[in-house]
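Remarks on the structure that follows.
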Amino acid sequence: MNHGPLVFLGVLAALATAWFGMIVQPQLQLGRAVPGTNMVETTALYPQARAGLAQQGLQVYRSLGCATCHTRQVRQDGMLVDVLLREAGTNTAAVIRAITRVRRELPDAEAERLLERLPVTIQRGLVDPEAAAASVKELTDAGARAQVLLRPQGPDIARGWGRGRTVAADFLYDQPALPGHVRLGPDLANIGARLPSPEWHYLHLYDPQAVNPKSVMPPHRFLFERRRVGAQPSADGIVRPSAAIGGTGEGMEIVPTAEARALVAFLLSLRSDVPLLERPVATGDEPDPETTDLPAAGDQPAVDSPAL
Amino acid sequence: MSEVCAQDSPLAPPPGPGITAPDAVDSSSRWAILLLFWAGTKWLVLATLLGLLVGLKFHTPNLLADAAWLTYGRLQPAFWNVLLYGFAWQTGLGAALWLLVRLGRTPVAYPMAALAGLGLWNLGLVIGLVGILSGDSTGHPWLEIPGYGSILLLVAYGLIALSALGTFSRRQPLELHPSQWFLLAALFWFPWIYSTAQLLLVADPVRGVFQAVVAWWFGAQFLWGCLAFVGLAVLWYLLPALLERPLHSRYHALFAFWLLVLFTGWRGIPNSAPVPAWLPSVSTVFAVLCVAPLLAVALNLHRTVVGSYRKVWQQPALALAVFGAGAYLLATALGILQTLPSMSRVTDLTLFTPGVQGLFVYGFLGGTLLALGRHVVPRWLPESAAVWPRASWPIWVYLAGALLHALPLILGGWAQGKALNDPALVWTDAFQPALMALRFSTLGDLLLLVGVSAHAWGFGGVLLRFVWRRTQPVLVSALKPEPIEVGS
């Protein structure tokens, strides 16, 4: 029997269905995304197009295959919730009663002492955001100012690679969008916030082992120009002649090329710490770790999350 | 089942009158297929060489670091693209043509189209390779070849596929062998996914992270769809042919076929992807569903070979094919396991994935396609029959290399994932297991290069000898001065 047409039509139908599911449907959902639809802070628009030099830097990033080793995907396992008391208000007695209602095991005297070091974390590491919201309501009803603190969890976040997970919006203006696929170097999702110094990046690109002897990153000396110092050392003769990078010789300096400048501008533009509905993270309005009983790291500061 | 199988199997009775005899079929189709195999072999040598260079960079980061075109970020995509499009898919197309000729008992249709496609494909690859090394890469994994190269590949593929589908439609027995089902699907699958990816990533790029979704989807379709189907088609034919016994069950093969066709199209989006959660979830569900066809394939392959496993020591081609089958089962099982959230939390973004892919391409595709080459070429080039069986050591070196390339990456990837999930470790410490794995894997790359070079040397030698024998009389008569007949 001739099964040729059956095979052809069957394969066609199966592929077409999968194609609609995995290509057309995501295009309808993701391909039409626009900036600013998911803002937590309504004053700022996110995402925004990168500045011109950083856009050129993305092309250097693509051309040199940086994404072959570096991801831009901070992963998040979940979220813990704290309850933070900012101000006690005028009715201290009511607030103390509220605190002891929220934390039943706490004696009144302890609760009173908490009020002496505001802002203070009343509850820490709650799994259920509803419970935290109920506590905040209890405290607020007593006349205090309290808020919920969201702390995204996960090894990537604990390592300091980002404040929260990477989301689709982070790539909206990237052409091409290169989230990477394997980690042979650290994640770069938030590198602009983690290492904001251009000098550091120039030296690291020129000689990674000078910055970190254990690094396996190949040096990118071809992004730099070695030349004689003019009347004055060039303003961005960034890589300082030093023994650590093999010495550059008398009267020589190493200057980044236009490509290196663009690449570093792009790296510095990589920040994915803007709070969004799908990534509720800190807004920078963080409590002083000294005055709270948050863990000393204090990496995950407060956010007034409208999601709750 | 065995009745139908026997009819389609290479053991089938000799074709009756009116049907082209296999030898005539083979000889008329020689060139297009031989040259596809030979071109694939050359790219395989280049790929293993590039792979070795890429691996050596983890021993000394300063190696070849002074030229932009030799930097790791360009060499690695160059290596992988050459391996995929130069070796795996090109040799796979040669294998497809050969199987369609053999099972259809008909010569290659439009051989000139196939030859033109072959030339254009290799031109596109050279241009693409130069493009990647000079910095024109698209940046998307597995699709780095710039648009001016990939358009050539697409046209070239069209020409080769025209010849393949023509051959298919001119087949003499209407009844289809399982290999033909798998080949037909693979031949349709490739243009669909490749043109989708080119259109949405290069010609008219879509916005934002959806680009990455397209690239992930393409990679999974190419690997678990096109390439896997060609490799399985080779196995369905080759194992019975080498063992001189029928395929265990035609129906197991067809069961696996339909389920794979239904499920594979949805695979590809990793759990770590920064996309709406339903995408990786759908991919995970369909990957897990692929367990059923995997079991059917495993059962079928095992039952076909069982009782003859010892023969692999005498028959190098069988060793390659059986190794390929094992590599398929292991790589596919790991690829499915890796989509489970509890696994992907460790293995995503680690060397585990390149390890599985290395096992798939070097172990499964390398094993089956090289085995088919060793089966086919001696039939056509009698000169090689005397040369190849004696030189079986390249095969053992190759197989050892494939294992040593992939296994350290898979195990090291697991250790890397565990270390990455421990935030107490700083990056350079967390990377140590991966670095060890990469350095071990370089030994595999070295063995692969040796095995593949020796194989290519043997292949090239018999090819040259063949060409020499054919052209020698012509050349000699051309060079000899015509005897001048005096006095006529």
Side-chain angles (χ1 to χ4, degrees), chain A residues 1-4 7-8 10-12 14-15 17-19 21-23 26-27 29-33 62-69 71 73 75 155 158-159 165-168 170-184 186 208-209 212 214-222, chain B residues 57-58 61-62 65-68 71-74 76-77 135-141 168 174-176 181 184-185 188-189 192 196 201 205-214 217 258 261-262 265-266 268 272-276 279 282 349-351 353-354 420-423 427-428 434-435:
Chain A
M1 216 184 121
N2 178 13
H3 284 120
V7 176
F8 172 68
V11 171
L12 191 73
L15 275 182
T17 320
W19 188 77
M22 298 306 278
I23 299 294
Q27 161 67 8
Q29 183 180 9
L30 287 171
R32 295 177 181 176
R62 165 191 63 75
S63 154
L64 291 176
C66 304
T68 316
C69 295
T71 55
Q73 299 181 52
R75 297 186 287 176
R159 191 166 271 125
R165 64 157 61 97
T166 300
V167 295
D170 295 331
F171 296 95
L172 187 59
Y173 283 112
D174 282 4
Q175 168 50 39
L178 303 173
H181 43 102
V182 65
R183 282 176 175 165
L184 303 181
Q209 285 72 33
N212 180 352
K214 280 180 162 183
S215 168
V216 292
M217 178 166 140
H220 289 67
R221 290 187 285 266
F222 49 83
Chain B
K57 296 219 169 207
F58 288 101
N62 263 301
D66 281 319
T71 195
Y72 179 88
R74 291 189 184 170
Q76 201 279 341
D136 263 0
S137 147
T138 67
H140 298 292
F168 175 79
L174 273 182
E175 182 73 51
L176 294 181
W181 291 58
L184 193 59
F188 277 114
W189 214 312
W192 189 311
T196 296
L201 296 181
V206 291
R207 288 191 93 174
V209 82
F210 181 46
Q211 293 182 358
V213 171
V214 174
W217 181 79
W258 281 119
V261 164
L262 275 177
W266 299 83
S272 56
V275 294
L279 274 165
V282 167
L349 309 181
T350 70
L351 289 173
T353 317
L420 272 176
N421 281 349
D422 177 2
W427 162 258
T428 39
L435 188 58

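Convention: sequence-line order gives letters A, B, ...; per-chain numbering from 1.
- If you measure heavy-atom distances from A:Ile23 to chain B, the contacts under 4.5 Å come from both the backbone and the side chain.
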| request: Starting from the C-alpha separation in whole Å, work towards a yes-or-no answer on side chain to side chain contact (heavy atoms under 4.5 Å, CB included) for B:Leu420 and A:Arg183. | output: CA-CA 10 Å; B:Leu420 272 176; A:Arg183 282 176 175 165; 4.1 Å; yes
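- Chosen from A:Asp174, A:Leu178, A:Leu64, the residue pairing most often with chain B at heavy-atom distances under 4.5 Å is A:Leu64.
- Looking at A:Thr166, the atoms closer than 4.5 Å to chain B (heavy atoms on both sides) sit in the backbone and in the side chain alike.
- Of the two parts of A:Pro179, only the side chain, counted from C-beta on, holds a non-hydrogen atom closer than 4.5 Å to a non-hydrogen atom of chain B.
- Only the backbone of A:Val167 comes within contact range of chain B, with at least one heavy atom under 4.5 Å from a heavy atom of that chain.
- One finds the CZ atom of A:Arg221 at 10.5 Å from the OG1 atom of B:Thr71 (value rounded to the nearest 0.5 Å).
- Put simply, of B:Tyr72, B:Phe168, B:Trp192, the one with the most heavy-atom pairs under 4.5 Å next to chain A is B:Trp192.
- Ring geometry, A:His3 versus B:Trp181: the interplanar angle falls from 30° to 60°, so the pair is classed tilted.
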Note to self: The test is side chain to side chain contact (heavy atoms under 4.5 Å, CB included); show your working for A:Leu12 and B:Phe188 and say whether it passes.
What the structure shows: CA-CA 8 Å; A:Leu12 191 73; B:Phe188 277 114; 5.9 Å; no
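- Smallest separation of non-hydrogen atoms from A:Phe222 and B:Asp66: CB-O, 3.9 Å.
- When all heavy atoms of A:Pro155 and B:Pro423 are compared, the closest pair comes out as O-CB, 4.0 Å.
- Under the 3.5 Å distance criterion, the side-chain polar atoms of B:Arg207 are left unmatched by any main-chain donor or acceptor of A:Leu30.
- Distance check, rounded to the nearest 0.5 Å: CG of A:Leu184 to NZ of B:Lys57 gives 13.5 Å.
- Side-chain N or O atoms of B:Gln211 include none that pairs as donor or acceptor with a backbone N or O of A:Pro176 at under 3.5 Å.
- Within the 4.5 Å cutoff, the side chain of B:Leu349 has heavy atoms near those of the A:Arg75 side chain.
- Annotation: maximal heavy-atom pairing with chain B below 4.5 Å, among A:Pro26, A:Gly10, A:Ala14, A:Gly21, occurs at A:Pro26.
- Contact count versus chain A (heavy atoms, under 4.5 Å) is highest, among B:Ser137, B:Gly265, B:Gly268, for B:Ser137.
- With respect to chain B, the highest number of heavy-atom pairs below 4.5 Å among A:Leu15, A:Thr68, A:Thr71 belongs to A:Leu15.
- Considering only heavy atoms from C-beta on, B:Phe210 stays 4.5 Å or farther from A:Phe171 through its side chain.
- Using modelled atom types, one finds no donor on one side chain facing an acceptor on the other under 3.5 Å when comparing A:Arg62 with B:Thr138.
- Interface remark: B:Val213 contributes side-chain atoms only to the contact with chain A (heavy atom separation under 4.5 Å).
- Within the 4.5 angstrom heavy-atom criterion, atoms from both the backbone and the side chain of B:Trp266 approach chain A.
- Among the candidates A:Gly31, A:Pro218, A:Cys66, A:Pro186, the residue making the largest number of heavy-atom pairs closer than 4.5 Å to chain B is A:Pro186.
- Most heavy-atom pairs under 4.5 Å with chain A: of the set B:Ala273, B:Ser272, B:Ala212, this distinction falls to B:Ser272.
- Contact annotation for B:Trp189: both backbone and side-chain heavy atoms come within less than 4.5 Å of a heavy atom of chain A.
- At a 4.5 Å heavy-atom cutoff, the contact between A:Ser215 and chain B is made by backbone atoms alone.
- Using a 4.5 Å heavy-atom cutoff, the side chains of A:Asp170 and B:Pro274 are not in contact.
- Among B:Ala68, B:Ala185, B:Ala67, the residue with the largest count of heavy-atom pairs under 4.5 Å with chain A is B:Ala68.
- The shortest heavy-atom contact between A:Gly4 and B:Leu176 is N-CD1, 3.7 Å.
- The candidate from B:Leu184, B:Val275, B:Val214, B:Asn62 with the greatest count of non-hydrogen atom pairs under 4.5 Å with chain A is B:Asn62.
- Between atom CG of residue B:Asp422 and atom CZ of residue A:Arg159 there is a gap of 7.0 Å, rounded to the nearest 0.5 Å.
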(message) Could you go through A:Lys214 and B:Leu435, starting from their C-alpha distance and side-chain angles, then the distance that decides it, and tell me whether this counts as side chain to side chain contact (heavy atoms under 4.5 Å, CB included)?
(response) CA-CA 11 Å; A:Lys214 280 180 162 183; B:Leu435 188 58; over 6 Å; no
